[in-house]
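Atoms within a ligand are numbered from 1 in the order they appear, just like the ligands themselves. If you read the sequence from its start, that first residue is 1, and numbering goes on from there.
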Amino acid sequence: MKEKLRTLHKLGSIISATFNEQELFSLISESLIFKLGFTSCLIFLIDQKSEKIFCKTAIGCRAEQVEYFASRIVSEEIINQLVGEDKHCLISIAEQPGSEEKKFIVVPIIVKEVINGFIITGSNICSKRINEQNLEITSILANQTGAAIENVRLYQGLWDSKRELEIRIKNRTSELDIANRKLKKLDKMKSDFISLVSHELRTPLTSIKGYASILMDEKLGNLNPSQKERLAKIGKHSSSLASLVNNLLDVSRIESGKVEMKIEQVSIKEVLDGIVDVLSPQLQEKNLALKIEIPSDISPVWVDRSQLERVFINLLGNAIKFSPEKAKITVSVLDKKDCIQVDISDTGIGIASDDLPKIFDEFYRADNSINKYKKGTGLGLSLVKRIIDVHKGKISVKSSLNRGSTFSFILPKRKCCQKLNKRF
Ligand code: ADP
């Protein structure tokens, strides 16, 4: 029995190591079956879809015996016995017509509690009466085969899902790739279009402004007050149109890398002093206090001076626009290890949390009381972000509605991009 148990163990290990159902049955070899004390072994599997049975292993059996077993095991009488308490049955068959009948043991192969097939064993030595040991070995063999089939199918299922997933990922990736390329093309078309239209608009706008100013200066004759009033309106509206066109042109130029940057070491303090001069009429108009906190020994930054000025003009311009009268605006500059951080805080109307992720998008303007009556393009912050990005910095905002906002940006102290002095 020891030798048979060893063989059973070996057979179990061999068949549970394969991931291929076809190979599994070829591994149940004649020599191993003989070592288990049998002279014949047949394995039938039921195809769960068609419910037909197929012979997978036929050791020590003639073709007509295989056919005989195939027809018998599906009979109601046998199935009833197999699902009964004993979980096995015996089939008798004569080797030759008229010769003595030989007994075979039939045990079901169960996978996930469902009969998936049958294993049939026969032995010449104890062919007349049923041998308990042979019955036990056949049952273990059926269990091992069932477990190995379950293994193989699980593996096959996993493998199929993995393959399917890979194919789906591949298809999705190529779809995304195509969509991405289309988007890039459309984005370029949009930038080219904006750039072209802005250019075309700038020339006639300049002459409208020029002629309006000549007329306004009464170089072509005296004007009555009503004419003067209309001309002032032409001048004012063409100026705001010109600033919109310039902003549009700047956004598309920076986006397509067509702006030439003059990168140099710049003192933020100097820049801020200049900006305060420019913005002082607007600050005074609303009676606002501007507090600047900057260390006297602040490190310089590598930037294009005029672009940094635009960043401050836009951020401070917004702080002024969205602050109530007599409020305070604070600019604090911090010297950090690798960068300079600038925080611009106001105590104005603030930004709703839903709007926060969108305010750096082109043309986005929150739906608030000030935007309803004050004109704006929604391009200022998108321009600021692009300028900061180009200088390898970062910009962020914290805000709460009716309490105020803080826009913070950092700029690296070292010169980050060699290409910056050229076109980028
Ligand atoms: P614009 O000022 O021309 O509307 P921006 O791009 O500069 O365009 O700003 C986009 C929007 O972000 C503004 O319309 C406003 O809703 C919001 N915003 C920007 N700065 C502030 C601020 N300091 N306080 C409140 N809202 C702000």
Nearest neighbour of atom 20 (N) of ligand 1 from the list N318, T377, V397, on a heavy-atom basis: N318

Residues that Y155 engages under side chain to side chain donor-acceptor pair (under 3.5 Å), provided they are two or more places apart: none

Taking atom types as modelled, find out whether S50 and D47 have a side-chain donor-acceptor pair closer than 3.5 angstrom. yes

Got more than 12 heavy atoms from elsewhere within 6.0 Å of NZ, K358? yes

Do ligand 1 and R365 have nitrogen or oxygen atoms that lie under 3.5 Å from each other? yes

Honestly, for V384 the part within reach of ligand 1 (heavy atoms, under 4.0 Å) is neither

Short version for F407: what comes under 4.0 Å of ligand 1, heavy atoms counted, is side chain

With a cut-off of 3.5 Å and sequence neighbours excluded, list every side-chain donor-acceptor pair involving residues 209-224.
unit_1, atom_1, unit_2, atom_2, d
E218, OE2, L223, N, 3.0
N224, OD1, S226, N, 3.2
N224, OD1, Q227, N, 2.8

So for A366 against ligand 1, with non-hydrogen atoms under 4.0 Å, the contacting part is both

Indicate whether any N or O donor in one side chain lies under 3.5 Å from an N or O acceptor in the other, for D355 and S353. no

Once you restrict to heavy atoms under 4.0 Å, what part of I351 touches ligand 1? Side chain, backbone, both or neither. side chain

Which option wins on minimum heavy-atom distance to atom 1 (P) of ligand 1: G317, G348, G378? G378

Work out whether the distance between some heavy atom of N314 and some atom of ligand 1 is less than 4.0 Å. no

